[in-house]
Amino acid sequence: MELRLEGKTALVTGASSGLGWRFAGTLAAAGARVALAARRTERLAALAAEIERAGGRAHALAMDVTDVASVRAGVAAAEAALGPLDVLVNNSGVSVTKRAGEIEEADYDFMMDTNAKGAFFVAQAVGRSMIAAKRPGRIVNIASSAGLRVLGQLSVYCMSKAAVIQMTRALALEWGRYGINVNALCPGYIETEMNRDYWQTDGGRKLVATLPRRRVGQPADLDGLLLLLASEQSGFVNGAAIAADDGLSL
Ligand SMILES: NC(=O)c1ccc[n+]([C@@H]2O[C@H](COP(=O)([O-])OP(=O)(O)OC[C@H]3O[C@@H](n4cnc5c(N)ncnc54)[C@H](OP(=O)(O)O)[C@@H]3O)[C@@H](O)[C@H]2O)c1
């Protein structure tokens with residue numbers, strides 16, 4: 001069975017790089033119209049052009065997920081441009097690698113405001129719209145293996161991603177009755193701008209040597225799970241946190 005999204009409209013936050021860039025292209029290639037959100041709008045315009053050159057439909061819009069007014073305006077702009085949303089990929093996120101004793105208040109706020117608060121208000125804005133329109137939908141929250149287990153020097157990042165997983169369960173329980181499925185996709189180590197330099201360091205190379213397949217994942221490794229959670233074929237999957245991490249969270 002092929003997972004297709006023809007006639008669906010999706011919003012991807014954090015589409016200006018890394019996983020979000022890939023997710024947006026993957027959804028568009030499956031037939032969805034895709035709204036692309038982030039702060040670096042010049043990058044989103046480049047991605048929108050790439051998607052349209054490939055025959056898809058995309059719309060770029062500015063959104064700062066730490067600013068609730070910006071989130072609400074962005075969701076409204078996405079729907080004005082492409083129609084009511086059927087799918088949200090709630091992907092914007094940041095990390096700071098430091099030992100717990102060295103975390104500054106600003107580091108804490110940066111991660112929690114983006115990863116936990118930001119993800120909540122994006123999901124809320126999209127969920128409200130789906131419920132008001134009486135349309136079923138799919139919300140895919142991009143959590144992390146770091147929400148399922150503890151990773152070194154990432155205490156607050158782990159806390160923020162555990163919050164995303166608990167948020168996923170809470171929203172799934174509240175919104176399942178409206179036909180809105182809310183799930184968390186939990187990637188392991190995937191090479192993106194967030195971590196690319198690290199894999200070239202001694203520490204990075206040592207870590208890769210401990211991984212089951214001795215390799216870091218690539219964004220394309222998440223395509224299948226993303227499409228499943230975004231599609232109608234995942235109708236009975238709700239409130240799940242599914243790892244795509246080659247066993248890292250075990
Ligand atoms: N790469 C991994 O190994 C890995 C593993 C597990 C989970 N994840 C999660 O996957 C998601 C994507 O990460 P990535 O690896 O693709 O990192 P990335 O390449 O650094 O991309 C992060 C994205 O988040 C956006 N973003 C950051 N702050 C934002 C804000 N305030 N408002 C709106 N957008 C914001 C950035 O866009 P702008 O800067 O343009 O706003 C960018 O598009 C994150 O939630 C991350 O925690 C990544």
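Residue numbers count from 1 along this sequence. Just follow the structure's listing: the first ligand is 1, and inside any ligand the first atom is 1.
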**Request:** Sorted by first residue and then second, give each salt bridge (Lys or Arg N to Asp or Glu O under 4.0 Å) pair with at least one member in residues 237-246; sequence neighbours left out.
**Result:** Arg213-Asp246

**Asked** Which pairs pass salt bridge (Lys or Arg N to Asp or Glu O under 4.0 Å) with one or both residues in residues 16-36, sequence neighbours excluded?
**Response** Arg22-Asp223

**Asked** Do the non-hydrogen side-chain atoms of Ile242 and Leu225 ever get within less than 4.5 Å of each other?
**Response** yes

**Message:** Could you check whether Arg43 pairs with Glu193 (Lys NZ or Arg NE/NH1/NH2 to Asp/Glu carboxylate O, under 4.0 Å)?
**Reply:** yes

**Request:** Could you list the residues that satisfy side chain to side chain donor-acceptor pair (under 3.5 Å) with Arg169, not counting sequence neighbours?
**Result:** Gln166

**NZ/NE/NH1/NH2 to OD/OE distance under 4.0 Å, Asp86 and Arg135** = yes

**Request:** Write out the protein residues near ligand 1, meaning a non-hydrogen atom under 4.0 Å from one of its atoms, in order of chain and number.
**Result:** Gly14, Ala15, Ser16, Ser17, Gly18, Leu19, Ala38, Arg39, Arg40, Met63, Asp64, Val65, Thr66, Asn91, Ser92, Gly93, Val94, Thr114, Ile142, Ala143, Ser144, Tyr157, Lys161, Pro187, Gly188, Tyr189, Ile190, Thr192, Glu193, Met194, Asn195

